[in-house]
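Report on the following structure.
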Amino acid sequence: MFPLTVVGRDKKIPKATIVLIVMNILVFLWELSVDAQGEGFLKAALQNYGLEVCKIGEQSFGTTALDSFRSMFLHASVAHVLGNMWFLFLFGGLVERYLGSIKFVAAYLTFGVLATIAHVMLGNTICTVADTGVVIGASGAIAGVMGGFLYLRPDAKVKTMLGFFRPFVWSVNVPAFLFLGYWFLTDILQQVGWIGVETDVAHWAHIGGFIAGFALMFFAGFFKPAPKPDPLEHLAE
């Protein structure tokens, strides 16, 4: 299932969300420039600027913290960065409006850190000479945004592409709690090996980030009520 849009999504520009998207894309363009220098250059750069799980404890806390921050803006492929940015664009706006732009950025970075901690503690990284467990990608932080969205608007409708029927795209409106719940459950099942094939995806980072986002919005709800749904949002389809 792939999300096409959130029905009734506020058309106001979520400034912090857009800034984060632009930053990620600019960093990826830099990665492409490094890759163009020759074979092995990009891999070396990712190891240098990303978080190497196997070096945690061997290097200073400051270096580890900086690597963890930088790794949130690094991606492995075009599909990786574009997929992440699309999910951030769809689900980030509501969370940003609820928290405010500055708090949203702080929360986003916190989700990313907590996602990384979950991966480091539970990811069972096997350290070898060839593989030092480099962690890159914004998906842990974005999973936190998705978890936050789930708490704030579980009833929101996500227009979801299920397949192609020439010449049309087959899509349905799915409640957010079903779409995001399916996404979360799929990550859990992939992590335990019940579905899919073995990949280098950091499923524990997704799971940890998602739980962190949901939990933050839950506790924030004691101080600020979740936004009420617009009764006319269905007219925006």
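Between Phe218 and Tyr151, the ring planes lie perpendicular to each other; the angle is over 60°, past the 30° to 60° tilted range.
In this structure, the separation between CD1 on Ile142 and CZ on Phe91 is 11.0 Å, given to the nearest 0.5 Å. Separation of atoms CE (Met217) and CZ (Arg153) is listed at 15.0 Å; rounding is to 0.5 Å. Distance NZ/Lys43 to CG/Asp35: 13.0 Å, rounded to 0.5 Å. For the atom pair CG (Asn84) and CD1 (Ile25), the distance works out to 11.0 Å, reported to the nearest 0.5 Å. Here CG of Asn48 is found 12.0 Å from CG of Leu42. Values are rounded to the nearest 0.5 Å. Between atom NE2 of residue His80 and atom CG of residue Leu74 there is a gap of 10.0 Å, rounded to the nearest 0.5 Å.
For CZ of Phe2, the number of neighbouring non-hydrogen atoms (other residues, nucleotides, ligands) closer than 6.0 Å is greater than 12.
Under the 4.5 Å side-chain heavy-atom criterion for grouping Ile, Leu, Val, Met, Phe, Trp and Tyr, Met161 is connected to Trp183 within one hydrophobic cluster. Cluster membership check: Met121 shares its hydrophobic cluster with Met72, using side-chain heavy-atom separations under 4.5 Å among Ile, Leu, Val, Met, Phe, Trp and Tyr.
Not one N or O on the side chain of Trp204 forms a donor-acceptor pair closer than 3.5 Å with the backbone of Ile188. A donor-acceptor pair is defined here as one N or O able to donate and one able to accept, closer than 3.5 Å; no such pair exists between the side chain of Ser68 and the backbone of Leu66. In this structure a side-chain-to-backbone donor-acceptor pair under 3.5 Å is present from Tyr98 to Lys224. Proximity of a side-chain donor or acceptor of Glu96 to a complementary backbone N or O of Thr17 within less than 3.5 Å is detected. Checked by atom type and distance alone, the side chain of Asn24 pairs as donor or acceptor with a backbone atom of Leu20 at under 3.5 Å.
In terms of heavy atoms, Gly50 sits closest to Ile136 at CA-CG2, 4.3 Å. Shown here for Pro3 and Phe179, the closest heavy-atom pair between the two residues is CD-CZ, 3.5 Å. Residues Gly208 and Ala118 come closest through the heavy atom pair CA-CB, 3.9 Å. Closest non-hydrogen pair, Ala176 versus Phe149, comes out as CB-CE2, 3.9 Å. The shortest non-hydrogen separation linking His206 to Gly140 is CD2-N, 4.3 Å. What you find for Ile207 and Gln191 is that their closest heavy atoms are CD1-CB, 4.3 Å.
Within the 4.5 Å cutoff, no side-chain heavy atoms of Asn173 are placed close to those of Thr160. Residues Phe69 and Leu109 form a side-chain contact, since some pair of their non-hydrogen atoms from C-beta on lies under 4.5 Å apart. At a threshold of 4.5 Å between non-hydrogen side-chain atoms, the residues Asp187 and Phe210 do not count as touching.
Taking Thr110 as the reference, nothing meets the side-chain hydrogen bond (donor to acceptor under 3.5 Å, both in side chains) condition, with sequence neighbours excluded. When the side-chain hydrogen bond (donor to acceptor under 3.5 Å, both in side chains) test is applied to Thr64, the partners found at least two apart in sequence or on another chain are Gln59. In this structure Phe28 satisfies the side-chain contact (heavy atoms from CB on, under 4.5 Å) test together with Glu31, Leu32, His75, Val78, Val81, sequence neighbours excluded.
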